[in-house]
Amino acid sequence: MNNYPISSQLFERAKQVIPGGVNSPVRAFRGVGGTPLFIKSAKGCFLHDADGREYIDYVGSWGPMILGHAHPEIIAAIQEVATHGTSFGAPTELEIELAEEVIRAYPSIEKLRLTSSGTEATMSALRVARGFTGRAKIVKFEGCYHGHGDSLLVKAGSGVATLGLPDSPGVLPEVASNTITVPFNDVPALEAVFDQAGAEIAAVIIEPVVGNMGCVPPQEGYLQAVRDITAKHGTVLIFDEVMTGFRVAFGGAQERYGITPDMTTLGKIIGGGLPVGAFGGKREIMDCVAPVGPVYQAGTLSGNPLAVTAGLTQLRLLRNPEIYAHLERVTKKLVAGFTEAASEAGVSTVSNRVGSMCTAFFTAEPVIDWTTAAKSDREAFGRFFHAMLEEGVYLAPSQFEAAFVSYAHTDEIIERTIAAARKAFAKV
Ligand SMILES: *Cc1c(COP(=O)(O)O)cnc(C)c1O
């Protein structure tokens, strides 16, 4: 039986011309089996697939769609700006406005540069940190994903973990050898690395709330310890807020936890569903970037007017604190409902949540890092995922992803989702 005949046909056709039929591996359903849905349209919290089925969406394009899909004001703004031309390769006032909007919300950022993806933002931030410090090594955390840049594709969480590729061929050992990985939420492990090599470490890059091994919050005092250790050794602390920026609070994890990094990378939400990334930080660091300084970084379509307009419109709408209060409240309700449904069905789950990011791990013990996340029962998750799909709920097709709730998810939608989960847990 195949409920998705048109998606299946499209998938077969796509595989002829696109590796694995997808333009980003996590879309391929490898972690759960089956055929990825081909999407025709989306509106609010709903997705519509090629077979004409409707789903409540908890992927939100992997984070950007915090106001829901096809928000009328964002669509209107893109349409209007498009009539004036789609790209100039010269500066525009819109780029200043987006930079000013971000800087107002992130006091740690004094200057920023726009890119077209989160990957470019993190790659560039690392280059700048290395240029600024004159040091070679970087530290990242097991299970954190920072895009697919060479030096960051080491123990890199969801996509890689789901595919079972510990490292990617094509990443040279001499590049990867400058990347040190330590477990998340483990202060002594980080201290040990700094005791040994502190003077060689250019940067520590961290997801302050991890989203890419599923949602894993920092333990009490952890981010402060990371801040203290890096400050002591003159190492640049980079908060990769590509996912958490404007998500866990308007001012990101740095606002929520009150920690000031030296540099920040952004993406996802700041593009409003179009391709935008950004890296920024202290003036003295950002003044290393060309043309002011010697560290080269560039992009033909960086600051693209359509993308910047979508992002700017979304950020201005997000200034309303009522949105974050709603997200907090309904996501809490969703997690409580899932936990109750799982225990009624006798399925062990542990749920983590920060703001409108959450993950139900199919495991019995607390999930605090990659080792504990990896103990989850992926097969049980796969059965749950497909049962939810049958019930009209679209979750991320991997145990190691966060679910994203949007402002378009009403109480009634959350209740429908919990009712679906009750049926799905019974089939696990
Ligand atoms: C998604 C993500 C990236 C990569 O962004 P792309 O736009 O996919 O290149 C980097 N860091 C984090 C934390 C992310 O969640």
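Remember, it's 1-based here, ligands and their atoms both numbered in the order they're listed. Note that these values count all heavy atoms, side chains included, but never hydrogens, waters or copies made by symmetry.
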* Got the closest protein heavy atom to atom 14 (C) of ligand 1, with its distance? -> Lys268 NZ, 2.9 Å

* Distance-only side-chain donor-acceptor flag, Thr264 / Glu241, under 3.5 Å -> no

* Arg319 and Glu101: salt bridge (charged side-chain N to carboxylate O under 4.0 Å, His left out), yes or no, with the steps? -> CA-CA 10 Å; Arg319 282 181 189 169; Glu101 184 72 26; 2.6 Å; yes

* Asked: Which ligand 1 atoms, with their elements, are less than 4.0 angstrom from a heavy-atom of His146?
  -> 10 (C), 11 (N)

* Asked: Which of the atoms in ligand 1, numbered in the order shown and given with their element, are less than 4.0 Å from a heavy-atom of Ser117?
  -> 7 (O), 9 (O)

* Any atoms of ligand 1 less than 4.0 Å from a non-hydrogen atom of Tyr145? List them with their elements. => 11 (N), 12 (C), 13 (C)

* For the student: nearest non-hydrogen atoms of Thr349 and Ala342, plus distance -> OG1-CB, 3.5 Å

* Asked: Do the side-chain N and O atoms of Thr331 and Arg353 include a donor-acceptor pair separated by under 3.5 angstrom?
  -> no

* Numbered atoms of ligand 1 (with element) below 4.0 Å of Gly147, judged on heavy atoms -> 3 (C), 4 (C), 10 (C)

* Test item, His148 contacting ligand 1 (heavy atom, 4.0 angstrom) -> no

* Asked: So which protein heavy atom does atom 6 (P) of ligand 1 come closest to, and at what separation?
  -> Gly118 N, 3.5 Å

* Structure fact -> Exactly one of Asn212, Asp240, Thr119 clears side-chain hydrogen bond (donor to acceptor under 3.5 Å, both in side chains) with His146, and that residue is Asp240

* Under 4.0 Å from any heavy atom of Met243, which atoms of ligand 1 are there? -> 15 (O)

* Asked: For residues Ser398 and Glu401, is any side-chain donor paired with an opposing acceptor at under 3.5 Å?
  -> no

* **Nearest-neighbour protein heavy atom for atom 11 (N) of ligand 1, which is reported as residue plus atom name and distance** => Asp240 OD2, 2.7 Å

* Using a strict cut-off of 4.0 Å, indicate which atoms of ligand 1 neighbour a heavy atom of Glu207. => 13 (C)

* Do Ser406 and Tyr58 have side-chain N/O donor and acceptor atoms under 3.5 Å apart? -> no

* **From the candidates Asn212, Ile205, Val242, Thr244, the one that places a heavy atom nearest atom 3 (C) of ligand 1** => Val242

* Could you walk me through whether Trp370 and Phe400 pass the ring-ring contact (aromatic ring centres under 6.0 Å, His included) test, one step at a time? => CA-CA 10 Å; Trp370 174 245; Phe400 306 116; 4.9 Å; yes

* Within a distance under 4.0 Å of any heavy atom of Thr119, pick out the atoms of ligand 1 and give their elements. => 4 (C), 5 (O), 6 (P), 9 (O)

